[in-house]
Amino acid sequence: MSRLADYYLVVGYDLDKRAVEGEGQGRILQRFPEKDWEDSPFPQGVELFCQPTGWQLYTERQPASFFVAVLTDINSERHYCACFTFWEGLDNPQLQKSETSEADEVEDDLSVVRAAQVFAPKSLVLVSRLDYTEVFRNCLGLIYTVHVDGLTVPMETVVGNLLTCIIPIAGGSQPGQEETEESLRTITLGAGDRQVIQTPIDDALPVSGSTVAQLFRQLGIVNVLYLFCAALTEHKILFLSSSYQRLTDACRGLLAIMFPLKYSFTYVPILPGKLLEVLSTPTPFIIGVNSVFRLETQELLDVIIADLDGGTVTIPECVHISLLPEPILQQTQTVLSMVGALNTLITQT
């Protein structure tokens, strides 16, 4: 048994440390519980991962977004950081005065403080050792609804029910078997909601969902096989995309097709812009970066770059990837093509 969520956070724009130009900083506004769990210390640096491209103010309200980042602690334990970000309007976040010369220092010509409304990001965050993306999306969406619509349900009740929810780590049913109470767990946060969690058959099995199929659709069979062999032979792999969730899904899908092997090198599906120097490490990695940092990645000479938005994989000239031997390679491509054709047929009917 394990907690569904270890920590719930509210992370917002730090108005006390706002920058005159450029990006600001984020800070934790609320944290529950306030003390660390003995079996799961609070991960540091959550603020950076809530806004990977930097904490910035905008003159227009941005659409709400959801994604799951992955943080790894010193014990190599992964913590899934689910972030639901929305935007709040701020009045007079920064007072700007017009410049006047000493000769014009007349009372009627004093600099005028102009009121301006901008929008600042605020993130609702769940930190968990379990990987339940859709459940986290639903929970944070419900908390956001309670916050915005002012439902009669106290926020303390919703958050308390979430942090005290205990679920089994494994023991789910296999496909075709009758689903039992042990394999399905229904939870509620006390706001008239009902959510069903299906645990995996075994905690060693990867929970991939549709991420593997999406990876093949985005990059194609040949490119995915190149990435698969590159990961097995300890090369550096970098995913680029404008979508944070697409980055997370691609990294998760690549790990899933490596099963039963377990990837033990650096694994950061969403790397904040302030930590781009990690890409220069000499050790292998699987990392995802927002495509706004594309220029910063062009000087990486030994990194395989997979562009999820463009559907391409770029392999540097100095990097040699050993593909699967024949006839295994041809057989694998044939089987994957048949599976892809079957999936296409099913979606069209």
Side-chain angles (χ1 to χ4, degrees), residues 1-15 26-44 46-47 49-51 61 63-71 78-90 119-172 179-200 207 245:
M1 305 292 285
S2 178
R3 292 182 296 272
L4 175 61
D6 293 320
Y7 300 96
Y8 167 74
L9 316 170
V10 178
V11 185
Y13 188 92
D14 192 345
L15 295 175
R27 69 184 182 95
I28 298 177
L29 304 178
Q30 292 179 303
R31 168 190 159 179
F32 303 99
E34 296 181 352
K35 294 183 178 180
D36 289 10
W37 294 103
E38 292 184 0
D39 59 341
S40 180
F42 181 76
Q44 301 300 317
V46 174
E47 305 94 317
F49 288 85
C50 292
Q51 291 292 310
R61 189 187 301 273
S65 63
F66 171 84
F67 62 87
V68 179
V70 180
L71 288 72
R78 291 173 185 166
H79 300 264
Y80 298 92
C81 182
C83 301
F84 181 93
T85 300
F86 60 99
W87 299 78
E88 291 186 330
L90 298 177
F119 295 91
K122 179 174 286 187
S123 297
L124 309 178
V125 183
L126 287 180
V127 179
S128 174
R129 289 166 294 173
L130 304 179
D131 186 9
Y132 288 108
T133 300
E134 291 305 316
V135 175
F136 296 153
R137 186 197 303 269
N138 295 336
C139 292
L140 292 177
L142 178 62
I143 293 176
Y144 173 72
T145 302
V146 173
H147 171 74
V148 173
D149 295 342
L151 301 183
T152 56
V153 181
M155 182 66 74
E156 293 81 1
T157 300
V158 176
V159 175
N161 290 335
L162 175 61
L163 294 178
T164 56
C165 179
I166 306 296
I167 62 172
I169 298 179
E179 294 175 340
T180 63
E181 293 184 0
E182 288 75 16
S183 63
L184 296 179
R185 174 69 184 269
T186 301
I187 66 171
T188 178
L189 302 186
D193 62 305
R194 286 174 57 87
Q195 302 186 51
V196 178
I197 301 177
Q198 183 169 10
T199 57
V207 181
Q245 194 57 49

Could you tell me whether a side-chain N or O of [X] sits under 3.5 Å from a main-chain N or O of [Y], the two making a donor and an acceptor?
{"X": "Arg61", "Y": "Phe119", "answer": "no"}
{"X": "Asp36", "Y": "Pro41", "answer": "no"}
{"X": "Ser123", "Y": "Val125", "answer": "no"}
{"X": "Thr85", "Y": "Ser65", "answer": "no"}

Nearest-0.5 Å distance that lies between atom [atom1] in [X] and atom [atom2] in [Y]:
{"X": "Leu140", "Y": "Phe86", "atom1": "CG", "atom2": "CZ", "answer": "10.5 Å"}
{"X": "Leu124", "Y": "Cys139", "atom1": "CG", "atom2": "SG", "answer": "12.0 Å"}
{"X": "Tyr13", "Y": "Glu88", "atom1": "OH", "atom2": "CD", "answer": "14.5 Å"}
{"X": "Phe66", "Y": "Glu134", "atom1": "CZ", "atom2": "CD", "answer": "7.0 Å"}
{"X": "Ile143", "Y": "Leu189", "atom1": "CD1", "atom2": "CG", "answer": "6.5 Å"}
{"X": "Arg129", "Y": "Asp39", "atom1": "CZ", "atom2": "CG", "answer": "4.5 Å"}

Determine whether [X] and [Y] make a side-chain contact, defined as any pair of heavy atoms from C-beta on separated by less than 4.5 Å.
{"X": "Arg3", "Y": "Ile166", "answer": "yes"}
{"X": "Leu130", "Y": "Ile167", "answer": "yes"}
{"X": "Gln245", "Y": "Thr133", "answer": "yes"}

List the atom of [X], the atom of [Y], and the distance in Å for their closest heavy-atom pair.
{"X": "Cys50", "Y": "Phe67", "value": "O-CZ, 3.6 Å"}
{"X": "Ile28", "Y": "Phe42", "value": "CD1-CZ, 3.8 Å"}
{"X": "Leu71", "Y": "Gln44", "value": "CD2-O, 3.9 Å"}

- Task: Show your reasoning for whether ring-ring contact (aromatic ring centres under 6.0 Å, His included) applies to Tyr7 and His79.
- Result: CA-CA 10 Å; Tyr7 300 96; His79 300 264; 8.2 Å; no

- Task: Decide yes or no on side-chain contact (heavy atoms from CB on, under 4.5 Å) for Leu29 and Lys122, but give the supporting numbers first.
- Result: CA-CA 10 Å; Leu29 304 178; Lys122 179 174 286 187; 3.9 Å; yes

- Go through the steps for Ile197 and Leu4 under the test side-chain contact (heavy atoms from CB on, under 4.5 Å), then give the verdict. CA-CA 10 Å; Ile197 301 177; Leu4 175 61; 4.1 Å; yes

- Please determine which of Leu162, Thr157, Leu163, Asn161 meets the side chain to side chain contact (heavy atoms under 4.5 Å, CB included) test together with Val159. Leu163

